[in-house]
Amino acid sequence: MDQKGYRRGSFQSSTSDEDMLEIAGASLDFSMADDDPPLDREMGGFTSYNGGGMNGTSKMMDFLEEPLPGVGTYEDFNTIDWVREKSRDRDRHREITSRSKESTWALIHSVSDAFSGWLLMLFIGLLAGSLAGLIDISAHWMTDLKEGVCLAGFWFNHEHCCWKSNTTFTDRDKCPEWMSWSQLIIGHGEGAFAYILNYFMYVIWALLFSLLAVLLVKGFAPYACGSGIPEIKTILSGFIIRGYLGKWTLIIKTITLVLAVSSGLSLGKEGPLVHVACCCGNILCHLFTKYRKNEAKRREVLSAAAAAGVSVAFGAPIGGVLFSLEEVSYYFPLKTLWRSFFAALVAAFTLRSINPFGNSRLVLFYVEFHMPWHLLELVPFILLGIFGGLWGAFFIRSNIAWCRRRKTTKLGKYPVLEVFVVTAITAILAFPNEYTRMSTSELISELFNDCGILDSSKLCEYVNDFNSTKGDDLPDRAAGPGVYTAMWQLALALIMKVFITIFTFGMKVPSGLFIPSMAVGAIAGRLLGVAMEQLAFYHHDWIIFSGWCSQGADCITPGLYAMVGAAACLGGVTRMTVSLVVIMFELTGGLEYIVPLMAAAMTSKWVADAIGREGIYDAHIRLNGYPFLEAKEEFSHKTLAMDVMRPRRNDPPLTVITQDSMTVEDIETIINETTYSGYPVVVSRESQRLVGFVLRRDLIISIENARKKQDGIVSTSIIYFTDHSPPLPPSSPSMLKLRSILDLSPFTVTDQTPMEIVVDIFRKLGLRQCLVTHNGKLLGIITKKDVLKHIAQLANQDPDSILFN
């Protein structure tokens, strides 16, 4: 928090949640965002001020009887004080409860206050579900627009356009109402020139959509890029990034998400939908005072909003709640669990009411399998888990290396050119292959699909022997030429997806990682599934098949392998486990496939963790230098608080404020010459006995208001933090009492406290800073950033390159 521009009488800083900050390069520049005191790096040798010996009067100003606007709030890029926020909410709740016994109106107010959380969840669910439906419908239409247009109404996508057509079932995609661009421009769709024209129009539309997306992001809402989950994890841990969840970010992210998905880039909308839902939650918080004025309460709402986001992304309300609990939330009390469930339920119900795909499903790739799996199939499922873990570790390392290169070279200065080049390469490579030309969601749907009698896909072109068909179940059959063609095309699609996603994730457009990761796994799974199916068909007498797969039986379900592969790759990249399995079985509606999913998810996590401990979101948090203290990691080093606290040996003394002997001018000088977020208050410079802790922002606002509204407050006025004013001569100017902004119970530890305990305290209480004492005297301070730097040093990483890069 750089306050060099501080001037007397002009202390206020922007606190609007809609304020936008340009992102330089690939991430935010936090280099001057000192979170909390101890040493002023910019001053050569700055010591504590003691303005003792001032002459003054006994006249004093008992200021701040009523709380001032801005006092108790936080600057941008600062960490909230969880303990103080929770304490303030308890005080507010106690006051409302005590007043409810006095009058009927107060009782109604108490009931409405208790009910407001549920009402807010209802609004979040309705808004998130509506926006998700709008995004789904728009993206589906614009994706098809790259290939042609509907004559019956340009607003219809390909599938909806052909609903009323009289074509046969096998020709359902070739209805006369839908015309490709070559048919529309030159009158026919066959031949080399028609193919080239369709190819050209596909690339042009893709470039148009992606360029429009990146220009909107760059021009109106720089925070709308990326998936948003790393930043949301950081915000939920207590960090403040103003504007990240504001209304402009919501509007631009919603529009550009549709454009980015429609452009055909290797990205998904699921991660950004979590960001969109959290924007909805943050904006709707302003309707209710208790959430608007309390940062900790607001973060409970954002945890529930994240659950609603995953609920509409996958049509998985329970999976959404578990995702919020397992992956993004820092503080998740039982009350938030219930409210998250309610918000996810409302969001899923709203999306179901909109019915964006016209099939009464919440997602495009919903599928149902009916055949049981055999125990021996766990071997290929575990192999898919190993592949998912290897792919996850490879992707994280490659993507982080590319993003770091983007940040440290000139590449980061040309985001529009980067998007243009990546889109052009993606579109040129994607069009010739039908499995990369279609949207990634449609590809996953095709790969998950269990072939039936009426399926006309290449993946289902088997050699049919209808004499052996029993009921609805088709037996394992010999693969026809269409299946072999599809296998080659899928293998090429797999190679393209594996590499192009590395360069796509992290560009300056909204980009989710769930769908590309699932696509990679689904392709690998389908390839393995078809290979197993053909192996069982031609070698059913082998010992591994003889006990359970007789000739003419339907033994292997390739679509199930695709689903397990999708779960394995998504788990390898994100390191999700429980929530991932629940999301996948909610997608398929089959409880009997939980064991294969669990086996693949756990295997992928073990393999990926063996190569690198961080998931993709944690890796991006570290790359961008966000002050996120990971709760899952254990601290196992034998260091003490005195090894981490500041000031260190040979450093200037700690900057402190005395309780009743410093003037307004003394304190303004401290504020001018340091950049800390707060200052310890001591009895005197000599005793160093701790009284409390005062925030810089509260000091600035209080002094400014006192100068404007209180008579007699001048530069030589004494500021005191005690209950009673110090004895001063009658001729002294008015004194200023600021006890009400003083935190009288700052968290303290002794200098001999093990850092293992200190780190645990910071994690579980969400502290901003912790004061260090020795025999009751103030010795130093440990901030959250000091803890993060210490952990980085112990991991043999350069702390200055990690924090606030």
Chi angles and distances behind the side-chain contact (heavy atoms from CB on, under 4.5 Å) call for V346, M121: CA-CA 8 Å; V346 174; M121 294 304 125; over 6 Å; no

Steps toward side-chain contact (heavy atoms from CB on, under 4.5 Å) verdict (L250, L131): CA-CA 10 Å; L250 174 64; L131 287 175; 3.9 Å; yes

Intermediate values then yes/no, ring-ring contact (aromatic ring centres under 6.0 Å, His included), F323 and F314: CA-CA 11 Å; F323 173 82; F314 289 105; 8.5 Å; no

Stepwise ring-ring contact (aromatic ring centres under 6.0 Å, His included) test for H620 and Y626: CA-CA 9 Å; H620 272 272; Y626 299 132; 9.8 Å; no

Stepwise side-chain contact (heavy atoms from CB on, under 4.5 Å) test for R575 and E326: CA-CA 10 Å; R575 309 298 160 86; E326 180 183 0; over 6 Å; no

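No side-chain donor-acceptor contact under 3.5 Å links K247 to the backbone of I283. R768 places no side-chain N or O within 3.5 Å of a backbone atom of D81 that could act as its donor or acceptor partner. T249 places a side-chain N or O within donor-acceptor distance of the main-chain N or O of G243, the cut-off being under 3.5 Å. The backbone N or O of F332 sits nowhere less than 3.5 Å from a side-chain atom of T336 that would complete a donor-acceptor pair. In terms of modelled atom types and a separation under 3.5 Å, the side chain of W82 and the main chain of S237 share a donor-acceptor contact.
Between D743 atom CG and L695 atom CG the span is 8.0 Å, to the nearest 0.5 Å. Here the CD1 atom belonging to I354 is positioned 10.5 Å from the CZ atom belonging to F349, to the nearest 0.5 angstrom. For the atom pair CG (D660) and NE2 (H724), the distance works out to 12.0 Å, reported to the nearest 0.5 Å. Atom-to-atom distance recorded for N705:CG and I700:CD1 is 12.0 Å, nearest 0.5 angstrom. Atoms OG1 and CG, on T256 and L216 in that order, are 7.0 Å from each other to the nearest 0.5 Å. Note that CG of N282 and CD1 of I235 are 8.0 Å apart. Values are rounded to the nearest 0.5 Å.
Between K253 and S227, the shortest heavy-atom distance links the atoms NZ-O, 3.6 Å. Residue G125 comes nearest to T350 through the heavy atom pair O-OG1, 3.8 Å, listed as atom of the first residue, atom of the second, then distance. Taking both residues in full, the closest heavy atoms of K737 and T722 are given as CE-O, 3.6 Å, listed atom of the first, atom of the second, then distance. In terms of heavy atoms, G228 sits closest to H275 at CA-ND1, 4.1 Å.
A salt bridge between E300 and K297 is present, with a side-chain N of the basic residue lying under 4.0 Å from a carboxylate O of the acidic one. E85 and R88 are joined by a salt bridge, as a carboxylate oxygen and a charged side-chain nitrogen come within less than 4.0 angstrom of each other. Salt bridge annotation for D723-R739: present, with a cationic side-chain nitrogen under 4.0 angstrom from a carboxylate oxygen.
D113 and S116 share no donor-acceptor pair across their side chains, judged by distance under 3.5 Å alone. A donor atom on one side chain and an acceptor atom on the other are found under 3.5 Å apart for S324 and S329. There is no side-chain donor-acceptor pair under 3.5 Å between T97 and S100.
The environment of CZ in R99 is sparse: at most 12 heavy-atom neighbours from other residues, nucleotides or ligands sit within 6.0 Å. In this structure, F341 places its CZ atom where only 12 or fewer heavy-atom neighbours from other residues, nucleotides or ligands lie under 6.0 Å away. No more than 12 heavy-atom neighbours from other residues, nucleotides or ligands sit within 6.0 angstrom of NZ on K293.
Ring geometry, W248 versus F220: the interplanar angle falls under 30°, so the pair is classed parallel (tilted spans 30 to 60°).
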